[in-house]
Amino acid sequence: MDPPLPTEYFGNLTQSVRGKASAGELLGHGFGWAAWLLHEAVAGHCDAAVRERVGNWVKDPIIYQFAQFSDPFSLMMGSSPRFEMYGNEFGMGRAVAVRSGYANKFDGKVSLYPGHEGGGSMDLEVCLPPETMAVLESDGEFMGAVCSY
């Protein structure tokens, strides 16, 4: 932000960004292209874009509900690889896994955390119907891209 938030600021400051593609585009271009599309959405979320959205909200306020982002053909990514989830230690040793709990769950919700292995790895918590998960787990190309055995 320009000017930056004050050092005394405490709390969350979030806005959603969207990357949009058809199933055909995803199949035709692959995982790397999809990642690039999301990167472009995040990189385009600059100071001017934030200020424009805030200005629009002041003119026409709305309270967002998670249900607004959920439909059977979309994914919603939440959290951040910058939240050091495994760095919290409460006297029982380092966590084996991180889960976000029951709140705000719906089909297509994905939460991203820094990976347990460190070194830039990422852990994803994915909420999908059991039949969709079964198809993904049986897809060798998908599992090869998301797992390290």
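Residue numbers start at 1 and run along the sequence shown.
- Following chains of ILVMFWY side-chain contacts shorter than 4.5 Å, one can reach Met133 starting from Phe142, so the two form part of one hydrophobic cluster.
- Neither Val135 nor Val126 shares a network with the other; the hydrophobic side chains, linked directly or stepwise wherever heavy atoms of I, L, V, M, F, W or Y lie under 4.5 Å apart, form separate groups for each.
- Formation of a donor-acceptor pair under 3.5 Å by the Arg51 side chain with backbone atoms of Cys46 is not found in this model.
- Hydrophobic clustering (ILVMFWY, side-chain heavy atoms < 4.5 Å, transitive): Met143 and Phe31 are in one cluster.
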Before giving the answer on salt bridge (charged side-chain N to carboxylate O under 4.0 Å, His left out), spell out for Glu125 and Lys105 the whole-Å C-alpha distance, their side-chain angles and the decisive distance to 0.1 Å. CA-CA 11 Å; Glu125 178 183 46; Lys105 295 293 195 273; 3.7 Å; yes
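- Val42 and Leu37 fall into different hydrophobic clusters, defined by Ile, Leu, Val, Met, Phe, Trp and Tyr side-chain heavy atoms under 4.5 Å apart, directly or through other members.
- Between the SG atom in Cys127 and the CE atom in Met76 there is a gap of 11.0 Å [rounded to 0.5 Å].
- Across every non-hydrogen atom of Ser121 and Glu117, the tightest pair is OG-OE1, 3.6 Å.
- Contact between Gly44 and Ala49 at its shortest, heavy atoms only, is O-CB, 3.7 Å.
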Could you please spell out the steps behind the side-chain contact (heavy atoms from CB on, under 4.5 Å) verdict for Arg99 and Met85? CA-CA 10 Å; Arg99 301 293 179 263; Met85 304 297 278; over 6 Å; no
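- Note: Trp57 CH2 to Ile63 CD1 = 7.5 Å, rounded to the nearest 0.5 Å.
- With sequence neighbours excluded, no residue forms a side-chain hydrogen bond (donor to acceptor under 3.5 Å, both in side chains) with Thr132.
- In this structure, OG on Ser22 lies 8.5 Å from CG on Leu27, to the nearest 0.5 angstrom.
- Closest of all the heavy-atom pairs between Ser111 and Ser100 is OG-OG, 4.2 Å.
- Heavy atoms of other residues, nucleotides or ligands lying less than 6.0 angstrom from OH of Tyr9 number more than 12.
- Residues Leu112 and Leu128 are members of one and the same hydrophobic cluster, defined by side-chain heavy-atom contacts under 4.5 angstrom among Ile, Leu, Val, Met, Phe, Trp and Tyr.
- In terms of heavy-atom proximity, Ala97 sits nearest to Tyr86 at CA-OH, 3.6 Å.
- Between Ala34 and Leu26, the closest heavy-atom pair is CB-CD2, 3.7 Å.
- The shortest side-chain heavy-atom distance between His45 and Glu40 does not fall under the 4.5 Å cut-off.
- In plain terms, the two heavy atoms of Pro129 and Asp107 that are nearest each other are CG-OD2, 3.4 Å.
- Once rounded to the nearest 0.5 Å, the distance linking CH2 of Trp36 with NE2 of His29 reads 9.0 Å.
- The structure places CD of Glu25 at 10.0 Å from NZ of Lys20, a figure rounded to the nearest 0.5 Å.
- In this structure His39 satisfies the side-chain hydrogen bond (donor to acceptor under 3.5 Å, both in side chains) test with no other residue, sequence neighbours excluded.
- Atom CD of Glu141 is surrounded by 12 or fewer heavy atoms from other residues, nucleotides or ligands within 6.0 Å.
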